[in-house]
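Working notes, beginning with the structure itself.
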Amino acid sequence: MSELADAFVTALKLIFTGDPEVMAVAARTLGISCSATFFAALISIPIACLIHFNHFKGKGTLISILQTFYAIPTVLVGLLVFIIFSRAGPLGGLGILFTPQVMVIGQVVLISPLMTGLTVSALSGVRPEIRDTAVSLGAGRLQMARTVLVEAKYATLTAVLIGFGRAISEVGLAIMVGGNIRGFTRTLTTAMSLETSMGNIELSMALGIILLSLALIVIIIPSWIQQRSSRVQQR
Amino acid sequence: MKRILIFLISAVMLLSLVSMLPACSDEETSSPTPAATTSPGEVPPLPKTSRLKVATTTSLYDTGLWGYLEPMFEDKYGVELDVLYAGTGKALEWGIRGDVDVITVHSRSREEQFVADGYGVERVPFAYNYFLIIGPEADPAGISGMSPEDAFTQLIAEGESIPDVKFVSRGDDSGTHGKEKAIWASAGYEYEDVRTSGGWYVETGSGMGPTLVMANEMRAYTLSDIGTFLAYQGDLELVPLVDEGDILLNVYSVIVVASTKYPDMANNLVEFLTSDEIQDLIGRYGVDEFGRPLFTPCAGQDM
């Protein structure tokens, strides 16, 4: 138990003394995961709309495939991204292996299927009357899609946040394609992995607590707004 | 309200994105490399390429030696040095694929093969120390003071009969793992037979540090380089039992990867490591903390 308590004290110390290295690692972690979430949302939400609003052969199969990718192991994505961006690989000429950029790319690949699938579910949850009403009022396809998307905004937001959660917590991908370079590609999870292997359990736990706090802050802001706005609507 | 919500979320994400980008570009502008200045007419495809990547064996990383030397090199040459740690096998693989510019490893035969195959320019030894066979103080297998080969023979014999005797192997194709295989071969065993001989032989598949921690938890024997062992000694209840024998010599060398885009800067790193000043620092590294140096400098010697 004392190990946990010590870790908590260490975490508080690191946070409040503003340890520059820890702060830099935390900022980098947040930067990489938020960028990945942003780009993944940019890709996933339009694709989810295309899937939801169109009827085509194999739609069910496509959704099943997407759902399979919810569980794709991070090390597998890491291996694929490594092979593609390694100098000997097809995109090796870019020379971006072992950079934060390639970590963002890897995380986008990792979380996009998850976000797309959950957004499709979110859109399916909207009552069909809303769509019908929009169409009967003369809405074009784009307007109709927008109306339904706005109606499903909280569920879509949840999809985005779950994607963020997966991005910020993964370690296999970050270590394989980022290389855990001090001051460049080291994130909270890869730092934890290294510190644990070096026997610095307390520091590692402290980093874990910081990671959890960051995730909490990012998750809590939208849900706070959601609660406030639903209270406004009730009035 | 929904507009505010969407706006806020986009703002947070964009801000984080923007906050990350200038951080990268600052590094780019503040660290012009000689490699970039030698060809002023040429625009590099990506600004981040002003970084030199060195893949190092875990033992040089876990002892803190690279953390100590990295800022000195960066200050001296105005370049960002990225230190990637991995076992010798993986470091060599990165070199073969062209993902790193320089490697520092410790497995002579594989290094010579790497250079002979045209992946490396030249093998330059820069430091050495010794491997140790370490184990619990009680020494249930009774190997203390033996030769490395006799100790291994004793370990496999006792390991198969006494449940207290266990050996933890790196099992990760690293230089240390290679040395372990060499000792088994020298003692007259086929490595595959040893590997499959029973539960006494444990493979961790991880770096030297984690392997030492695991050996400590299991009260097992293991083979370690002296540098990592001293760096971890404070946390361990294991003691050195065998420390003499020619086969235990552990030579670290630096090799410039043939496909590097920055041969000049890569050569600077070789010169840096073999310079009198840095050789002197390597020879004294660890004295303050452990009371004895972790490495012996050996630039210019054939080892």
Side-chain angles (χ1 to χ4, degrees), chain A residues 24 27-28 30-39 41-42 82-83 85-89 92-101 104 150-151 153-154 156-157 160-161 164 178-185 193-194 196-201 217-218 221-222 225-226 228-233, chain B residues 1-6 8-10 12-21 23-24 27 44-46 48-49 51 53 55 58 61-62 64 66-67 70-71 74 80-86 93-94 96-100 206-213 216 231-232 234-236 257 259 261:
Chain A
R28 190 177 308 122
L30 210 53
I32 290 172
S33 299
C34 286
S35 311
T37 309
F38 177 76
F39 288 119
L42 220 55
F82 174 83
I83 291 170
F85 287 95
S86 166
R87 290 250 182 235
L94 294 173
I96 58 168
L97 190 68
F98 305 135
T99 63
Q101 284 79 1
V104 171
V150 166
E151 202 58 34
K153 61 181 179 288
Y154 294 128
T156 308
L157 183 64
V160 172
L161 288 179
F164 171 79
N180 198 12
I181 298 165
R182 191 174 62 85
F184 189 46
T185 58
S193 160
L194 178 69
T196 307
S197 75
M198 288 171 70
N200 301 328
I201 306 292
I217 292 167
V218 174
I221 294 172
I225 295 170
Q226 183 179 342
R228 261 192 55 155
S229 73
S230 59
R231 226 175 290 147
V232 170
Q233 278 169 2
Chain B
M1 211 50 217
K2 72 199 173 218
R3 291 231 173 106
I4 299 174
L5 171 70
I6 290 165
L8 259 178
I9 292 167
S10 324
V12 167
M13 285 178 174
L14 271 175
L15 263 179
S16 61
L17 184 63
V18 169
S19 70
M20 193 176 71
L21 291 180
C24 297
E27 285 164 25
L46 268 177
K48 267 68 62 189
T49 47
R51 311 180 73 97
K53 293 190 193 304
T58 49
Y61 198 84
D62 289 349
W66 266 116
E70 186 192 334
E74 290 182 339
E80 286 286 333
L81 185 67
D82 288 345
V83 185
L84 295 135
Y85 59 93
E93 178 64 26
W94 281 341
I96 289 171
R97 300 184 70 93
D99 293 324
V100 293
S206 42
M208 196 68 252
T211 302
L212 281 171
V213 172
N216 190 52
Y232 277 77
D235 299 324
L236 303 175
V257 175
S259 63
K261 286 188 177 162

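Here is the naming used below: chain letters follow the sequence lines, and residue numbers restart at 1 for every chain. Nothing here was measured: the structure is a model prediction, and the numbers come from that model.
Applying the ring-ring contact (aromatic ring centres under 6.0 Å, His included) test to A:F85 and every residue at least two apart in sequence or in another chain returns nothing. Applying the salt bridge (charged side-chain N to carboxylate O under 4.0 Å, His left out) criterion to A:E151, with sequence neighbours excluded, gives no partner residue.
Taking chain A as the reference chain and counting heavy-atom pairs below 4.5 Å, the highest number among B:G207, B:S206, B:P210 is found for B:P210. Most heavy-atom pairs under 4.5 Å with chain B, from the set A:A88, A:A24, A:G92, A:S33: that is A:A88.
The closest side-chain heavy-atom distance from B:D82 to A:F98 is not below 4.5 Å. At a threshold of 4.5 Å between non-hydrogen side-chain atoms, the residues A:I181 and B:V83 do not count as touching.
Rounding to the nearest 0.5 Å gives a distance of 12.5 Å between CZ of A:R182 and OH of B:Y85. Taking CZ from A:F184 and CG from B:L81, the interatomic distance works out to 12.0 Å, rounded to the nearest 0.5 Å. To the nearest 0.5 angstrom, A:L194 atom CG is 7.0 Å from B:D62 atom CG.
The two atoms that bring A:R87 and B:G98 nearest to each other are CG-O, 2.8 Å, heavy atoms only. Looking at every heavy atom in both residues, A:N180 comes nearest to B:Y61 through O-OH, 4.4 Å. The heavy-atom pair separating B:D99 from A:S86 by the smallest distance is OD2-OG, 2.7 Å.
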